[in-house]
Structure formats: structure tokens, C-alpha cells
Amino acid sequence: MELGYARVSTTRQDLDRQIDALTTAGVDPQRIYVDKKSGATTDRPGLVALLEYARDGDIIVVHTLDRLGRTVRDTLNLIHDLRERGVGVRNLADPIRIDSSDTDDPMAQLAV
């Protein structure tokens with residue numbers, strides 16, 4: 001199952017662009033988790049709920065990878081932890097496409 005995650009840094013910003021991209025990519029709107037919180041905080045209830053819900057075989061889809069983590073290291077650690085659980089990550093709009101759900105694809109793993 002594909003699960004979406006969208007985040008903006010402030011309550012004044014709009015999630016619509018990210019949500020539109022996720023739904024256009026085929027993510028069920030009921031499976032999109034959202035946060036209006038700075039990436040600098042670890043208090044992101046939408047991300048926590050998503051991570052608790054994600055199961056082996058699921059793919060987390062984000063507009064861009066920077067929505068997931070505070071730093072590159074945090075993001076890579078999260079992708080690694082998810083892969084250990086059998087959960088993939090796919091981005092939609094970054095210049096380098098990432099899809100960690102196919103562990104047999106060496107180019108996908110290199111991109112990560």
C-alpha cells in the first residue's frame with residue numbers, strides 16, 4: 001500500500017501542492033498523513049502516526065525527501081530503518097528519484 005506524507009514548516013503555509021502531487025501519483029487521500037511543523041522539531045504527530053501504521057510491503061511517498069527529516073543524516077537513517085522493516089520510500093519531485101522499495105535495484109540503492 002502507498003502511504004503519503006506531507007509537511008509544511010508553519011501553519012501559514014499550504015499543504016495543497018504536496019497533497020495534490022501525492023493524490024495525482026495515486027496515493028489514497030485517506031492514507032496521507034500531514035504535519036504543519038518545522039522539520040527542526042521531532043514533535044511531528046503525522047509522521048509518528050505514519051511510521052506506526054506502515055507495514056512490511058508499504059511504500060511511503062513524499063513530494064520531496066526534505067519533508068521526512070531534519071537533516072540528510074536523519075532522512076537517510078529513517079530510510080534505512082524503514083527498509084529494515086520492509087517499508088520503502090519514494091519521492092516525487094526531487095531531481096534524483098529515490099525508490100528504496102526495490103532492494104534488488106542497484107541504481108535505486110545507489111540513489112539513496
Side-chain angles (χ1 to χ4, degrees):
M1 173 183 303
E2 290 191 333
L3 309 169
Y5 180 67
R7 179 182 61 79
V8 291
S9 298
T10 70
T11 56
R12 292 187 312 251
Q13 292 175 315
D14 194 338
L15 289 162
D16 291 346
R17 180 177 58 95
Q18 292 177 57
I19 292 171
D20 288 346
L22 292 168
T23 57
T24 298
V27 178
D28 181 342
Q30 294 181 348
R31 296 287 177 232
I32 297 175
Y33 297 78
V34 300
D35 280 315
K36 287 191 172 189
K37 295 265 187 167
S38 168
T41 181
T42 56
D43 177 29
R44 292 181 278 162
L47 182 61
V48 170
L50 168 65
L51 297 176
E52 288 175 356
Y53 183 87
R55 302 289 184 257
D56 185 14
D58 289 346
I59 299 171
I60 295 173
V61 182
V62 294
H63 189 251
T64 56
L65 287 178
D66 65 334
R67 303 297 81 201
L68 282 176
R70 296 178 303 142
T71 65
V72 171
R73 181 174 297 219
D74 285 342
T75 303
L76 289 175
N77 287 341
L78 178 58
I79 291 170
H80 175 76
D81 292 346
L82 289 167
R83 184 173 50 217
E84 293 290 312
R85 293 175 41 197
V87 177
V89 174
R90 182 168 62 96
N91 66 329
L92 301 174
D94 286 319
I96 298 176
R97 295 295 305 266
I98 303 290
D99 185 348
S100 70
S101 64
D102 185 358
T103 56
D104 294 327
D105 179 358
M107 290 308 292
Q109 299 311 306
L110 176 63
V112 172

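Residues G69 and D74 approach most closely at CA-CB, 4.4 Å, considering heavy atoms. Of all heavy-atom pairs spanning A21 and H63, the tightest one is CB-CD2, 3.4 Å. In plain terms, the two heavy atoms of G46 and Y5 that are nearest each other are C-CE1, 4.0 Å. Closest approach of T64 and A93 over heavy atoms only: CG2-CB, 4.0 Å. Across every non-hydrogen atom of A54 and I60, the tightest pair is CB-CD1, 4.4 Å.
In this structure, R85 has no side-chain hydrogen bond (donor to acceptor under 3.5 Å, both in side chains) partners at least two apart in sequence or on a different chain. By the salt bridge (charged side-chain N to carboxylate O under 4.0 Å, His left out) test, D66 pairs with no residue at all, sequence neighbours left out. Every residue was checked against the side-chain hydrogen bond (donor to acceptor under 3.5 Å, both in side chains) condition with D58, not counting sequence neighbours, and none meets it. Among residues two or more places apart in sequence or in another chain, the side chain to side chain contact (heavy atoms under 4.5 Å, CB included) test is passed with D81 by none. For L78, the side chain to side chain contact (heavy atoms under 4.5 Å, CB included) criterion is met by L51, L68, L82, not counting sequence neighbours.
Judged purely by atom type and a 3.5 angstrom limit, R67 uses its side chain to pair as donor or acceptor with the backbone of R7.
Under the 4.5 Å side-chain contact rule for hydrophobic residues, V62 and M1 share a cluster.
Residue pairs meeting the side-chain hydrogen bond (donor to acceptor under 3.5 Å, both in side chains) criterion with at least one member in residues 21-32, sequence neighbours excluded: R31-Y53.
Atom CD in Q13 sits 8.5 Å away from atom CG in L15 (nearest 0.5 Å). One finds the CD atom of E52 at 9.5 Å from the OH atom of Y33 (value rounded to the nearest 0.5 Å).
When L3, V27, V89 are each tested for a side-chain contact (heavy atoms from CB on, under 4.5 Å) with V61, only one passes: V27.
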Before giving the answer on side-chain contact (heavy atoms from CB on, under 4.5 Å), spell out for L92 and L22 the whole-Å C-alpha distance, their side-chain angles and the decisive distance to 0.1 Å. CA-CA 8 Å; L92 301 174; L22 292 168; 3.9 Å; yes
